[in-house]
Peer 1: 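Take this structure first; my questions come after.
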Amino acid sequence: MSAQTFYAVLLFSLVMAFTPGPNNMMLASSGATYGVRRTLPHLFGVSVGFPVMILLVGMGLASILLASPRLQLAMKIVSCAYLLWLALQIGRSKSTGDAASGRPMSFLAAAAFQWINPKAWLYAVGAISAYTSGSGTQLYQQVVIIALLNIAVSFGSTMTWTAFGAGIRHFLHTPVKLRLFNLLMALLLVGSVVPILLEIKESL
């Protein structure tokens, strides 16, 4: 991979990782509700699970998905249903006091979530399609570089959004304020589902 391509991948990764999306909305809400320490398993699940997804997609998994319109549709439906359910759970979070008995997302759940995260699929397929070339060993080396790069980028973005949520936690000391913040995060999460719902409607 040339230096020019590497920097192009880095810029693309930073834009995709730090802009709002399902992972970032959930991490901000978790940081505000549970704090950074209790959100760490969720954070690491995204930081590890997403690069692993990129690696597997680059090794050929994407071609299986793209070859089956029915599988694509099924994944979109599952993705929308789960994201809407998560938005409901976030919207129902009431106070930091309730967080003592609640549970943030686990490492495995966060890692598995990447497989139905539409933004993760958009990035993985887009990056592999745009920034890799050749075949065999050369292709695999490029995929590994992109995956390793995204370990650092994903950790930086997940930590930033979690810290953002935790940083404003002291401003959300009343149940009403935290509830309003989580409702905003939930609405943004629902907003990310709308384009997928429109695609599903067109496919049916």
Side-chain angles (χ1 to χ4, degrees), residues 1-32 35-37 39-59 61-62 65-66 79 83 86-87 90 104-105 107 109-134 138-169 181 184-196:
M1 179 180 289
S2 67
Q4 183 178 0
T5 302
F6 177 83
Y7 288 121
V9 175
L10 176 60
L11 179 60
F12 181 59
S13 300
L14 289 170
V15 171
M16 292 296 290
F18 281 87
T19 50
N23 279 325
N24 294 336
M25 296 302 97
M26 291 159 57
L27 285 165
S29 176
S30 184
V36 173
R37 186 180 63 81
T39 303
L40 285 177
H42 183 173
L43 185 157
F44 286 122
V46 176
S47 300
V48 174
F50 181 53
V52 168
M53 176 189 176
I54 293 174
L55 187 64
L56 294 177
V57 167
M59 296 301 177
L61 189 60
L65 175 68
L66 296 175
S79 173
L83 285 171
L86 285 173
I90 291 173
M105 186 174 280
F107 174 89
F113 171 69
Q114 305 316 304
W115 293 96
I116 58 170
N117 179 358
K119 187 179 178 183
W121 274 104
L122 177 65
Y123 171 85
V125 174
I128 298 302
S129 301
Y131 301 113
T132 61
S133 59
Q138 181 184 12
L139 174 63
Y140 295 150
Q141 288 175 344
Q142 293 169 350
V143 171
V144 169
I145 291 172
I146 294 174
L148 290 175
L149 175 64
N150 274 276
I151 293 177
V153 173
S154 295
F155 179 77
S157 66
T158 54
M159 180 58 76
T160 298
W161 280 91
T162 302
F164 163 72
I168 64 172
R169 194 180 186 190
F181 175 77
L184 175 60
M185 295 298 101
L187 288 173
L188 290 173
L189 193 55
V190 170
S192 72
V193 176
V194 173
I196 314 170

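Please read all numbers here as calculations on a predicted model, not as lab measurements.
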Peer 1: Hey, which of Ile128, Val143, Asn150 is the one that makes side-chain contact (heavy atoms from CB on, under 4.5 Å) with Leu55?
Peer 2: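 Going through the options one by one, the only one that passes is Val143.
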Peer 1: Report yes if some heavy atom in the side chain of Val52 is under 4.5 Å from a heavy atom in the side chain of Gln114; otherwise report no.
Peer 2: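 No; the side chains remain at least 4.5 Å from each other.
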Peer 1: So do the side chains of Gln142 and Ile145 get within less than 4.5 Å of each other, counting heavy atoms only?
Peer 2: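 With C-beta onward as the side chain, the pair stays apart.
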Peer 1: Check whether any side-chain heavy atom of Leu83 sits under 4.5 Å from a side-chain heavy atom of Phe113, and report yes or no.
Peer 2: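 SC-SC contact between Leu83 and Phe113 confirmed.
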Peer 1: If you look at every heavy atom in Ser29 and Phe181, which pair is closest and at what distance?
Peer 2: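 What the structure gives for the nearest pair is CA-CE2, 4.0 Å.
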Peer 1: I need the minimum non-hydrogen distance between Phe44 and Phe155, along with the two atoms involved.
Peer 2: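 Closest heavy-atom pair between Phe44 and Phe155: CE2-CE1, 3.6 Å.
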Peer 1: For residues 159-166, run the donor-acceptor check on the side chains, cut-off 3.5 Å, and write out each pair with its distance to 0.1 Å, sequence neighbours left out.
Peer 2:
residue: Thr160; atom: OG1; partner: Gly156; partner atom: O; Å: 2.7
residue: Trp161; atom: NE1; partner: Phe18; partner atom: O; Å: 3.0
residue: Thr162; atom: OG1; partner: Thr158; partner atom: O; Å: 2.7

Peer 1: For a quick test of reading the model, state the closest non-hydrogen atom pair linking Asn24 to Ala17 and the distance between them.
Peer 2: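 Heavy atoms only, the tightest pair is ND2-O, 2.9 Å.
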Peer 1: For the pair Trp115 and Trp121, name the ring-plane relationship: parallel under 30°, tilted 30 to 60°, perpendicular over 60°.
Peer 2: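 Correct class here is perpendicular.
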Peer 1: With rounding to the nearest 0.5 angstrom, report the CG to OG distance, Asn23 to Ser157.
Peer 2: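 It is 8.0 Å, given to the nearest 0.5 Å.
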Peer 1: Do Lys119 and Pro22 make a side-chain contact, defined as non-hydrogen atoms from C-beta onward lying under 4.5 Å apart?
Peer 2: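 Answer yes - side chains close enough.
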Peer 1: Provide the closest heavy-atom pair for Met25 versus Pro20 in the form atom of the first, atom of the second, distance.
Peer 2: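 That would be CE-CB, 3.6 Å.
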Peer 1: Testing the basics here: between Thr39 and Gly31, what is the closest heavy-atom pair and its distance to 0.1 Å?
Peer 2: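 Minimum heavy-atom contact is OG1-N, 3.7 Å.
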Peer 1: Might you point out which heavy atoms bring Val153 and Ser13 nearest each other, and give the distance in Å?
Peer 2: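 Closest approach of Val153 to Ser13, heavy atoms only: CG1-O, 3.7 Å.
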Peer 1: CD1 of Ile146 to OG1 of Thr5: how many Å apart, nearest 0.5 Å?
Peer 2: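 Answer for the CD1-OG1 pair, Ile146 versus Thr5, is 9.0 Å.
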